[in-house]
Amino acid sequence: MVDNEGKFAELVCALVAQIPAGRVMTYGQIAGLCGNARASRIVGGIAHYGPVDLPWHRVVNKRGGLASGYHGGRQAQKLHLEAEGVTVIGNNDNFFVNIDELIWAPNK
DNA sequence: CGTGTGACGCGAG
DNA sequence: CCTCGCGCCACAC
């Protein structure tokens, strides 16, 4: 298999695109699966600078908190998750999900 | 090609 | 759980 060619962004995009509805992944996990567990920030960078056609709203940080600056607003992100059956807790700009229950991983 | 920056992670308190 | 601080590496300009 070609594995990761160094196309970090490509892998991240592919992985995010594979996240099933009602599930979430952490930046660190995605980064790790892409080959660089320390590149967690890069994942966020790609999300912001990169394509907008991916379900970034399913990507959360390890605390289960939704990211900042989501394309459309954090509240939109909350709505997307709830629409997929995810329990989102929080107010205003602080949104959290049951990461321990909703965390997902590929090959599974 | 160099610089800056970031939608983060983790350890320690 | 929170905050503080450092590291991390790819992407945008």
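So you know, we letter chains A, B, ... as the sequences are listed, proteins then strands, and number each from 1.
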Could you tell me how far apart [X] ([atom1]) and [N] ([atom2]) are, to the nearest whole angstrom?
X     : N      : atom1 : atom2 : value
A/I42 : B/dG4  : CD1   : P     : 16 Å
A/N61 : C/dC8  : CG    : P     : 21 Å
A/M25 : B/dA7  : CE    : P     : 20 Å
A/W56 : B/dG6  : CH2   : P     : 17 Å
A/F95 : B/dA7  : CZ    : C1'   : 15 Å
A/F8  : C/dC11 : CZ    : P     : 8 Å
A/Y49 : C/dA12 : OH    : P     : 8 Å
A/Y27 : C/dC11 : OH    : C1'   : 15 Å

Would you say A/V59 ends up clustered with A/L66 if hydrophobic residues are merged whenever their side chains have heavy atoms under 4.5 Å apart, either directly or through other cluster members?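 No, it is not one cluster - the side chains of A/L66 and A/V59 are not joined through contacts under 4.5 Å.
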Tell me whether A/L33 is reachable from A/L54 by hopping between hydrophobic residues (I, L, V, M, F, W, Y) whose side-chain heavy atoms are closer than 4.5 Å.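 A/L54 clusters together with A/L33.
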Choose from C/dC8, B/dA7, C/dC11 the nucleotide whose nearest atom is closest to any side-chain atom of A/R41.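 Between C/dC8, B/dA7, C/dC11, the one nearest the side chain of A/R41 would be C/dC8.
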Select one nucleotide: of B/dG6, B/dG9, B/dA7, the one nearest the side-chain heavy atoms of A/K62.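 Ranking B/dG6, B/dG9, B/dA7 by closest atom to the A/K62 side chain puts B/dG9 first.
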Side chain of A/E101, backbone of A/T87: donor and acceptor closer than 3.5 Å?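 Answer holds: no.
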Could you tell me whether the side chain of A/R63 has a donor or acceptor atom within less than 3.5 Å of a complementary atom in the base of B/dG9? no
Side-chain-base donor-acceptor pair under 3.5 Å for A/R38 and C/dC8: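 Under the 3.5 Å cut-off, the side chain and the base do not form any donor-acceptor pair.
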If you assign each of A/G50 and A/F96 to its closest nucleotide in DNA chain C, which residue comes earlier from the 5' end?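 Result: A/F96.
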For a quick test of reading the model, state the closest non-hydrogen atom pair linking A/V43 to A/Y27 and the distance between them.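 Closest pair (atom of A/V43, atom of A/Y27, distance): CG1-CD2, 3.5 Å.
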Is it true that, when you exclude A/E82 itself, more than 12 heavy atoms of the residues, nucleotides or ligands shown sit nearer than 6.0 Å to its CD?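 Atom CD in A/E82 is packed in, count exceeds 12.
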Select base, sugar-phosphate, or nothing to describe what A/G45 touches, counting heavy atoms under 4.0 Å on all strands. nothing
